[in-house]
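Accompanying notes for the structure given below.
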Amino acid sequence: MSNAKRKFTPREKSYLSEFTLGMQGPVQNGAQFPAEFRMAFAANKVAIQVETKNRDAKNFGRFEVVVPYMSAIGILNTIDLLIQDKNRNKAQYRVKDFVFFGPGNKSDAPMVKGTLTVGRDTEGCLYIGLSGKDITPIKFIFSLKHDELTNDQGEPVNAAEMAEFAAKVFVETYKGLLPVVMALHYKEPEPKNPAGGNGGQQGGGNSYGGGRGNSNYGGNRNNAPAPKDFDDDIPF
């Protein structure tokens, strides 16, 4: 494994780092364990994280998009939107921010950092997935790690009902934890970096301009490619 692949700065520890909060998904190529979807504390913001568990990949297979607290609540409300509206099959929450291309160069308008897609599969199960620049799109069907919900005969409920129940648990868990963690771990922001964004925003995989002085685009903003819509690129 190269040093470049091994380089990784973990996020600050908080209760959001608790192992049981990660929602499991399918095992990815090159990994031995199920992929995980979670939210983490990230320097007064929230990191939406996907871990492929492929330790030979860049950043140990972790991708993330860092968002303000209110955007994290917006993502949770998008999940709740499909829980409440049984006739809705899909909704997307696009996280946008200004992108910095170097000293003094900033995008003229906010660009898409990442897209959270919430939908129902053919069996009616609710799922969520993160897509964006350099992010491996993985479909996570809402589930509990080990617990199960049973009906009045003591039998497990069907897959769609179980996924909806797990989605409610996910939303309520993070809506309860996020304000507490954000208040407990708040730190005075570092001075603005003239190159763009706040200083000290490190860690994780994909940031897509989220608080870092450079991006993968290079050049200046007038030559930057337009942000892509990921609707046609995601397998869910």
Side-chain angles (χ1 to χ4, degrees), residues 8-28 30-55 57 59-67 69 71-80 82-83 93 114 116-121 123 125-130 135-151 154-186 203-206 236:
F8 176 71
T9 304
R11 289 295 180 191
E12 179 181 341
K13 294 293 184 182
S14 72
Y15 189 75
L16 296 178
S17 308
E18 163 64 28
F19 170 75
T20 56
L21 292 180
M23 182 170 63
Q24 293 187 335
V27 177
Q28 301 298 294
Q32 295 181 327
F33 303 100
E36 282 192 352
F37 182 98
R38 66 168 59 244
M39 295 185 175
F41 180 76
N44 297 339
K45 295 186 178 182
V46 181
I48 311 301
Q49 295 183 336
V50 169
E51 291 196 35
T52 66
K53 300 295 184 179
N54 182 352
R55 299 312 186 196
N59 293 314
F60 291 99
R62 173 179 290 176
F63 305 94
E64 67 176 28
V65 174
V66 178
V67 305
Y69 169 69
S71 294
I73 297 301
I75 292 166
L76 295 173
N77 283 347
T78 304
I79 300 170
D80 192 55
L82 265 77
I83 293 174
Y93 190 96
L116 277 298
T117 300
V118 183
R120 299 180 195 275
D121 65 13
E123 295 184 3
C125 297
L126 284 173
Y127 66 83
I128 190 168
L130 173 65
I135 297 175
T136 300
I138 301 174
K139 174 182 172 182
F140 290 86
I141 295 177
F142 285 98
S143 62
L144 303 179
K145 255 191 170 65
H146 303 297
D147 302 342
E148 65 180 11
L149 180 68
T150 60
N151 59 24
E155 300 171 344
V157 299
N158 62 50
E161 191 174 351
M162 187 68 242
E164 181 173 307
F165 181 81
K168 290 179 181 177
V169 172
F170 186 93
V171 170
E172 291 184 15
T173 296
Y174 278 103
K175 277 192 173 181
L177 281 175
L178 284 177
V180 177
V181 170
M182 301 303 284
L184 285 175
H185 293 269
Y186 176 80
N206 178 282
F236 43 78

Might you confirm whether atom CZ of Phe33 has over 12 heavy atoms from other residues, nucleotides or ligands at distances under 6.0 Å? no
Heavy-atom pair of closest approach, residues Glu12 and Phe41: OE1-CE2, 3.4 Å
Are any non-hydrogen side-chain atoms of Val50 and Thr136 less than 4.5 angstrom apart? no
Just wondering, do Phe170 and Phe37 contact through their side chains at under 4.5 Å, heavy atoms? yes
If I take atom CG from residue Leu178 and atom CG from residue Leu76, how far apart are they, to the nearest 0.5 angstrom? 6.5 Å
Using a 3.5 Å distance criterion without hydrogens, assess whether the side chain of Glu148 forms a donor-acceptor pair with backbone atoms of His146. no
Whether over 12 other heavy atoms sit under 6.0 Å from Lys145 NZ: yes
Nearest 0.5 Å, what's the CG-CD1 distance between Asp121 and Ile141? 5.0 Å
For the OH atom of Tyr127 and the CD1 atom of Ile79, what is their distance to the nearest 0.5 Å? 12.5 Å
Rounded distance (nearest 0.5 Å) linking atom CD of Gln49 with atom CZ of Phe63: 12.0 Å
Main chain of Ser17, side chain of Arg11: is a donor-acceptor contact present, judged purely on distance under 3.5 Å? no
Glu164 side chain near Ile83 side chain, heavy-atom distance below 4.5 Å: yes
Could you grab the distance from atom CD1 of Ile128 to atom CG of Leu116, nearest 0.5 Å is fine? 4.5 Å
Smallest separation among heavy atoms of Pro34 and Lys53, with atom names: O-CG, 3.1 Å
Closest heavy-atom pair, Leu130 versus Ile135, reported as atoms and distance to 0.1 Å, is O-CG2, 3.6 Å
Go through the steps to decide whether Asn77 and Lys175 satisfy the test side chain to side chain contact (heavy atoms under 4.5 Å, CB included), and finish with yes or no. CA-CA 9 Å; Asn77 283 347; Lys175 277 192 173 181; 2.6 Å; yes
Ile48 and Met39, any side-chain heavy atoms less than 4.5 Å apart: yes
Nearest heavy atoms of Val46 and Tyr69, plus distance in Å: CG2-CA, 4.3 Å
Heavy-atom closest pair (His185 atom, Ser14 atom, distance to 0.1 Å) is NE2-CB, 3.5 Å
Taking all atoms of both residues into account, what is the closest heavy-atom pair of Thr78 and Tyr93, and its distance? OG1-CD1, 3.4 Å
Atom pair CZ (Arg38) and CD (Glu18), whose distance is rounded to the nearest 0.5 Å: 8.0 Å
Counting only heavy atoms from other residues, nucleotides and ligands, does the tally under 6.0 Å from NZ of Lys139 exceed 12? yes
With sequence neighbours excluded, residues passing side-chain contact (heavy atoms from CB on, under 4.5 Å) with Met162: Leu144, Leu149, Val157, Phe165
Side-chain contact, heavy-atom cut-off 4.5 Å: Thr150 with Glu155? no
